[in-house]
> 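Take this structure first; my questions come after.
We're numbering straight along the sequence, starting at 1.
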Amino acid sequence: MTSAWSRRTFLATSAALTAAGGGALMLATPGAASAAPVEDPYTALRTTWSALILGEGFSPTAEPFKSRLADLGAKASQWLETMAPVDGSLWPDAVFADPDPDTDAESYVLSGRMADSFIRLNTMAQAYRQQGTGLTGNTALRDAVLTGLEHLSTQVYNDGQTRYGNWYSWQIGAPQALLDVCVLMYDAIAPERLARYCAAVDHFVPDSAVASYTGTSTGANRVDLCRVLALRGVVGGNAAKIALARDALSPVYPLVTKGDGLYADGSFIQHTTVPYTGSYGSVMLGGLGLLFALLKGTTWEVTDPKRQVVFDAVENAWAPFLYNGLVMDSVAGRAISRGEVDDHRRGHPIMASIVLLGRGASAAENARWRALVKGWAQRDYYSPPLNNPSLGLTALARIKSVLDDTALTPIAEPAGHRLFPDMARATHRRPGWAASLSMADRRITFYETGNGENLRGWHTGNGMLYWWGDTFANGQYSDAFWPTVDPYRLPGTTVSRKVLADGAGGDWGVALPDVNWVGGVTDTRRAAVGQYLKGLTSTLVAKKSWFFLDDTMVCLGAGIHGRDGAAVETTVDNRNLGPTGNAPFTVDGSAKPVTAPWSATLSGASWAHLAGHGGYVFPGGATVKALRENRTGRWRDINRAGSTDPVSRKYLTLWFDHGTDPSDATYAYQLLPGATEQRTAARAADSGWLRVLANTDDQQGVAVPSLGLTAVNFWFGGSVGPLVADAPCSVMVTEHADGTATVCVSDPMRARTSLTLTWNRAVASVLSKPGTVTSATTGASLRLVFGDLSGTRAATQTVKVRLA
């Protein structure tokens, strides 16, 4: 039996084999029993890609897919009805013609509209191919897609056009959507047209785009470029393009020690200085999953053994920032200002990508990851993934397959602490709650703005302390927090109220504080973390420390100075109570008004409690200001592409007012997430539970006798309690019930060639120590001499001892 091939398939396969260095193409002919038809690899790849972008394994008549497919059809119908090709646009509201093409803000907008026009055609093509859209196989829709492709090709996206505006629109946004449409509508597009579309892609995304791992060709951007090259090869039958795409992924895999990429400590950086696990990191993870799946089992399968780094990063880099379905805003960069996608809606695609990536991992990894995803998805009561309107059908299908898998036992949220010194971040998880801390130093920016986004994120790197409960407050930063919160009063931050302009400091994370001491030490359960803070375009300086413990976070501040002629404040917390929230607020047992506005100066306050959230303890009493208010803002205020509709939320804010131009101001408080009023009051009454050993410009330290814990951040070395250090370092000592102790040390400055630490405690012997300990003396006290710590990348060094 013969196999009939189309002329296009014949030519494409011949070209592919020639490009790949293959031998002669053998075709079956009548009577030639010994010859078998050669399978067209590009047909198989197109089939695979169609399944990857359309989804598979779901019923179009079952929810949530039925409704989502209907929505897809409605959106496609809208684009069909409003399409009106004229010079300079395909839709009246998406003019892309640039009268003065360059790279200014106007050109950025116009290039974005060009890319968006391709994305609309992609939506229409998916509605044409998907079942249950109401437009499945509709010839008018098909013809409109083909007309649109030709119009954009003739008008703007062709090999004679010089790009303008945003490079991303030309090299990633437009070609990805274009090539997806070419795959979905392949049989309806004339070969001559396909050739022109491929030539346009070659023009804007030449092989040289991945020739070096620099500039805009790193991390997530590199994966996106490789996706374009791979699909260009699939659509045009070019084996060399697919091989180039596969091989150009290799620089993404290895761990890096500077710049963009994954780090050994689990950090992920994009744009050189921005922690981006939850945004660009999500794109990279999703892109790698798609390409691994596309090429699996083919001549071009990804076999680079370094890809295991990506598999390891699922639990080392991404999982620590996922909590009950959300991905923490501390690693989302400027994406926090995008009103249509909150932290939950950013977390769900990561979960779906992990499921997809699991197909290329080991059976054990795949099973564990699916169990992790099932746990996150089941616990996301605030924003269930299957209700996420921004989640594509493919991602929905992957998550639903996990939820429906009765053989899977969901994995619970782990307890423990993770430090990410390479991106100045930390996460802390305890039964019932989780927290995340964001800081800045000479390697990590205060914040990122760009493309008119995140215009007022100035102080997110000033020690912002995020926290969520397991069954409460999961929407704390999801519910219109960013456009309505006072950007000078972000939780945990110390800031100057000096007025800043939108986008102050410059675009793309260029603003970096000239400080080195940022980081800390952890035993994986508890941690001592510190930040030498310098304000963005202000004279503010401060020393801030956080001691992350079992049921509390102890927060200390000292050496707070400012000379801007502006007030300086430290925000204890700023809770988003929603549009109608009136959570009761109690101070030292006295209930305060639940109506807004209300404000007060709380003199000598020992503790405070916000119902449904948690408690706050002020050791020795403190003067704290409180405010209950209704705040109104617009997404447009923080993102020039955002909605102009006003949104309002109620807030309860607590802060220390250090006054105008303070000198050597301090603060101290405990934050107890989820604590009841009774437990908060009891902690405040137990004056011996916490001992603040030091809170000065030189050292900050605490002791908690019931935990056997002593922790100190030595800004300049010195003596604090039983600990003596001859140089800056972070130290945490924990005595255990079995007669042993753990001594944890790090050099957050990454500069020590030697460090001597003395613990004035009788020690019988050293049980284990890292290679950096060059000598250890036991007896009436423990003396440890560390060698060069600068090469440990601020990692914790742990010494275990037996007490005398």
Side-chain angles (χ1 to χ4, degrees), residues 102-112 115 163-173 209 212-225 252 256 258-263 267-284 287 329-338 341 346 420 422-425 438-462 464 482 487 500-515 518 534-538 635-642:
D102 51 27
T103 56
D104 63 6
E106 181 184 21
S107 292
Y108 260 62
V109 170
L110 294 170
S111 65
R163 79 185 193 201
Y164 52 83
N166 193 343
W167 71 271
Y168 181 94
S169 298
W170 301 91
Q171 292 199 299
I172 295 176
S212 62
Y213 197 66
T214 56
T216 57
S217 188
T218 61
N221 289 333
R222 169 58 71 95
V223 175
D224 272 339
L225 290 169
V252 174
V256 301
K258 63 179 181 179
D260 293 352
L262 287 163
Y263 289 71
S267 297
F268 178 82
I269 300 294
Q270 192 79 38
H271 295 171
T272 309
T273 64
V274 187
Y276 249 134
T277 314
S279 183
Y280 277 91
S282 173
V283 173
M284 188 179 88
D329 279 346
S330 58
V331 289
R334 70 185 193 279
I336 60 175
S337 69
R338 297 169 187 164
V341 183
R346 281 192 298 275
F420 301 87
D422 283 316
M423 61 178 180
R425 296 293 187 267
S438 58
M439 302 171 287
D441 61 19
R442 64 186 177 91
R443 299 165 297 106
I444 299 301
T445 185
F446 289 102
Y447 79 116
E448 187 191 53
T449 184
N451 289 346
E453 296 183 306
N454 199 28
L455 297 170
R456 299 177 185 174
W458 317 298
H459 300 305
T460 47
N462 282 31
M464 185 170 179
W482 294 105
L500 298 179
D502 288 350
D507 287 356
W508 312 118
V510 297
L512 302 168
D514 184 23
V515 296
V518 173
K534 287 188 176 180
L536 174 66
T537 68
S538 79
W635 285 102
R636 179 66 61 88
D637 296 335
I638 63 172
N639 187 320
R640 293 195 179 102

> List the atom of Phe446, the atom of Trp458, and the distance in Å for their closest heavy-atom pair.
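Result for this residue pair: CB-O, 3.8 Å.
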> Between Asn639 and Trp482, do the side chains contain an N or O donor and an N or O acceptor separated by less than 3.5 Å?
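Their side chains do not contain a donor-acceptor pair, so the 3.5 Å distance test is not met.
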> With distance as the sole test, does Asn454 use its side chain to make a donor-acceptor pair with the main-chain N or O of Ser337 at under 3.5 Å?
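No.
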> What pair of heavy atoms forms the shortest contact from Met439 to Arg425, and how long is it?
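Shortest heavy-atom separation between Met439 and Arg425 comes out as O-NH1, 2.8 Å.
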> So which atom in Tyr263 and which in Lys258 form the shortest heavy-atom distance, rounded to 0.1 Å?
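Shortest heavy-atom separation between Tyr263 and Lys258 comes out as OH-C, 3.1 Å.
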> To the nearest 0.5 angstrom, please state how far the OG1 atom of Thr449 sits from the CG atom of Asp502.
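Taking OG1 in Thr449 and CG in Asp502, the distance rounds to 8.0 Å.
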> With rounding to the nearest 0.5 Å, note down the distance linking CG in Asp329 to OG in Ser438.
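Going from CG on Asp329 over to OG on Ser438, the span is 9.5 Å.
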> Taking Arg222 for the side chain and Ser217 for the main chain, is one N or O donor matched with an acceptor at less than 3.5 Å?
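Yes, the answer is positive, given that a donor and an acceptor are paired below the 3.5 Å cut-off.
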> Using modelled atom types and a 3.5 Å cut-off, is there a donor and acceptor pairing between side-chain atoms of Ser107 and backbone atoms of Tyr164?
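Checking the backbone N and O of Tyr164 against the side chain of Ser107, no donor-acceptor pair under 3.5 Å is found.
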> Tell me whether the count of non-hydrogen atoms from other residues, nucleotides or ligands lying under 6.0 Å of CZ in Arg640 goes above 12.
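Incorrect, the count does not exceed 12.
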> Would you say the side-chain atoms of Ser111 pair up with the backbone N or O of Tyr108, donor to acceptor, closer than 3.5 Å?
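The answer is yes, because a donor-acceptor pair under 3.5 Å joins these two groups.
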> Assess the residue pair Thr273 and Trp508 against the criterion (side-chain contact (heavy atoms from CB on, under 4.5 Å)); give the C-alpha distance rounded to whole Å, side-chain angles, the decisive distance to 0.1 Å, and a yes or no.
CA-CA 8 Å; Thr273 64; Trp508 312 118; over 6 Å; no
> Apply side-chain contact (heavy atoms from CB on, under 4.5 Å) to Arg443 and Asp422, showing your working.
CA-CA 8 Å; Arg443 299 165 297 106; Asp422 283 316; 4.2 Å; yes
> Tell me whether Tyr213 contacts the main-chain N or O of Gly219 through its side chain, where contact means a donor paired with an acceptor under 3.5 Å.
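Here the side-chain-to-backbone pair exists.
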> Here's a test for you: under side chain to side chain contact (heavy atoms under 4.5 Å, CB included), which of Asn221, Leu262, Asp224 qualifies with Met284?
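That would be Leu262.
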> Applying side-chain contact (heavy atoms from CB on, under 4.5 Å), run through Val283 and Val223 and close with a yes or a no.
CA-CA 8 Å; Val283 173; Val223 175; over 6 Å; no
> Any sub-3.5 Å donor-acceptor pair from Arg636's side-chain atoms to Gly642's backbone N or O?
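Present.
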> Under 3.5 Å, is there a donor-acceptor pair between the side chain of Asn451 and the main chain of Glu453?
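A pair under 3.5 Å: no.
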> Is it true that the side chains of Asp260 and Thr218 contain a donor and an acceptor less than 3.5 Å apart?
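Side chains of Asp260 and Thr218: pair found under 3.5 Å.
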> Could you state the interatomic distance from CZ (Arg163) to OG1 (Thr103), rounded to the nearest 0.5 Å?
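With rounding to 0.5 Å, CZ (Arg163) is 10.0 Å from OG1 (Thr103).
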> Take atom CG of Asp102 as the centre, draw a 6.0 Å sphere, and report whether it contains more than 12 heavy atoms from other residues, nucleotides or ligands.
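Yes, CG of Asp102 has more than 12 neighbouring heavy atoms, counting only those of other groups under 6.0 Å.
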> Okay, side chain of Arg346, backbone of Ser279: is any donor-acceptor separation there less than 3.5 Å?
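Judged by distance alone, no pair lies under 3.5 Å.
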> Counting distance only, does the side-chain N/O of Tyr447 pair as donor-acceptor with the main-chain N or O of Arg334 below 3.5 Å?
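No, because the side chain of Tyr447 does not come within donor-acceptor range (under 3.5 Å) of the backbone of Arg334.
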> Taking all non-hydrogen atoms of both residues into account, name the closest pair between Pro487 and Arg456 and its distance.
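Minimum heavy-atom contact is CB-O, 3.6 Å.
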> To check you understand the geometry: which heavy-atom pair defines the closest contact between Ala511 and Thr445, and what is its length?
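Minimum heavy-atom separation between Ala511 and Thr445: O-OG1, 2.8 Å.
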> Measure across Phe268 and Thr277 and return the closest heavy-atom pair with its distance rounded to 0.1 Å.
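Residues Phe268 and Thr277, closest heavy atoms: CB-OG1, 3.7 Å.
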